[in-house]
There are 2 protein chains.
Amino acid sequence: MPVILRPSQALRLWQQVCLSEVRGAMPDLTERQMAILLTIYLDPPPHTVRGLAEKLNVTKPVITRALDTMSGLKFVKRHRDASDRRNVLVRRTVEGALFVERFGDVVVARAAELSL
Amino acid sequence: MPVILRPSQALRLWQQVCLSEVRGAMPDLTERQMAILLTIYLDPPPHTVRGLAEKLNVTKPVITRALDTMSGLKFVKRHRDASDRRNVLVRRTVEGALFVERFGDVVVARAAELSL
DNA sequence: AAAGATCGTTTCGGCCCCGTATCTTTGCCG
DNA sequence: CGGCAAAGATACGGGGCCGAAACGATCTTT
């Protein structure tokens, strides 16, 4: 069940969502942070720094820093892997789930408003 | 003709588009810059600094700086208003139109890939 | 023409992100 | 054990964006 979307609708949707986020007072995540957060909440665990770095095609420090920031926001939690202590497993939080859920609702609402 | 989208589809779409942008080598615009650029290309002209600032609910320096950056990328052009020289009219460029068009195509493509 | 309002820009100090290189901890294997 | 590899974090210099305030240029009003 692909979603059918014309380019003008896609652009208008993106604009409306960006405007909603910019106008609102929500914490301002960068595109990379957003990609990481959504991957953690949509793709099946476990999530490691290395795995995320490979999936996003960025270096490991990028992931570490993004996790620092999003840990500060309580959107994710770090957890040492017991079976291999070198690994850090990234886990979801209630606050992060709420943020992601709210964001999805914003996209759905703006999509429903499209008319063209 | 609203676009029907379920939350899980909306989030997956956003993730896939963010991943496409992060992985690619395209110039990295902030959420604010994206909102400004899309507004310039989707909403009818004329576009002024003050008008954009009000529409995004941000201060004027935010707009000035974003226009500086996007002018450097050739995505927009500044143009003094002849009838009131205090105003700056923001105009579109070929490069900007190409960038916006390509971005819309990315969103459409990722939407078409959704399955859930 | 002088005073005041409007528009966009600039300045300032501060913060966060970037990429590269280096470091620490941990696991692996001879 | 000792050396090496792997995972993640940290250090460093650089650059961009931030909000608030001050600035110069241009209308508008009186």
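Within the structure, a side-chain polar atom (N or O) of Asn87(B) is placed less than 4.0 Å from OP1 or OP2 of dG8(C). At dG8(D), none of the side-chain N or O atoms of Thr64(A) fall inside 4.0 Å of OP1 or OP2 (strictly under the cut-off).
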*Starting from the C-alpha separation in whole Å, work towards a yes-or-no answer on salt bridge (Lys or Arg N to Asp or Glu O under 4.0 Å) for Arg102(A) and Glu95(A).*
CA-CA 11 Å; Arg102(A) 184 206 63 87; Glu95(A) 292 90 339; over 6 Å; no
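Overall bending of the helix from dA1(C)-dT30(D) to dG30(C)-dC1(D), expressed as the angle between end axes built from five pairs apiece, is 10° (10° steps).
Considering only heavy atoms from C-beta on, Lys77(B) stays 4.5 Å or farther from Val90(B) through its side chain. With a 4.5 Å cut-off on side-chain heavy atoms, Val88(A) and Arg80(A) count as touching. Taking the side chain as every heavy atom from C-beta outward, Asp43(A) and His47(A) approach each other to under 4.5 Å. Val22(A) is listed as a side-chain neighbour of Val58(B), based on a closest heavy-atom distance under 4.5 Å.
A donor-acceptor contact closer than 3.5 angstrom links the side chains of Arg12(B) and Gln15(B).
Taking atom CG of residue Asp68(B) and atom C1' of nucleotide dG16(D), one finds them 12 Å apart after rounding to whole Å. In this structure, Arg50(B) places its CZ atom 5 Å from P of dC7(C), rounding to the nearest Å. Rounded to whole angstrom, the span from the CG atom of Leu67(A) across to the P atom of dA9(D) amounts to 7 Å. Following rounding to the nearest Å, Asn57(B) (CG) and dC18(D) (C1') show an atom-to-atom distance of 15 Å. One interatomic measurement links the two molecules: CG of Leu52(B) to P of dC7(C), which rounds to 13 Å at whole-angstrom precision.
Nearest-nucleotide assignment on DNA chain C puts the 5′-proximal partner with Arg78(B), out of Arg78(B) and Thr59(A).
Every residue meeting the side chain to side chain contact (heavy atoms under 4.5 Å, CB included) condition with Arg23(B), not counting sequence neighbours, appears here in chain and number order: Lys55(A), Asn57(A), Leu19(B). Residues satisfying the side chain to side chain contact (heavy atoms under 4.5 Å, CB included) criterion with Val108(A), sequence neighbours excluded, are Pro7(B), Ala10(B). Listed by chain and residue number, nothing satisfies the ring pair (Phe, Tyr, Trp, His ring centres under 6.0 Å) test with Tyr41(B) (two or more places apart in sequence, or in another chain).
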Nucleotide N/O of nucleotides 23-29 of chain C paired with protein N/O under 3.5 Å:
unit_1	atom_1	unit_2	atom_2	d
dG27(C)	OP1	Arg85(A)	N	3.0

Identify each atom pair where a protein N or O and an N or O of nucleotides 14-18 of chain C are less than 3.5 Å apart, giving names and distance.
unit_1	atom_1	unit_2	atom_2	d
dC17(C)	OP1	Gln33(A)	NE2	2.9
dC17(C)	OP1	Thr69(A)	OG1	3.2
dC17(C)	OP2	Thr69(A)	OG1	3.2
dC18(C)	OP1	Arg32(A)	NH1	2.8

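The CG atom of Leu73(B) sits 9.5 Å away from the CG atom of Leu37(B) when rounded to the nearest 0.5 Å.
Aromatic ring orientation, Trp14(A) versus Trp14(B): parallel (interplanar angle below 30°, classes split at 30° and 60°).
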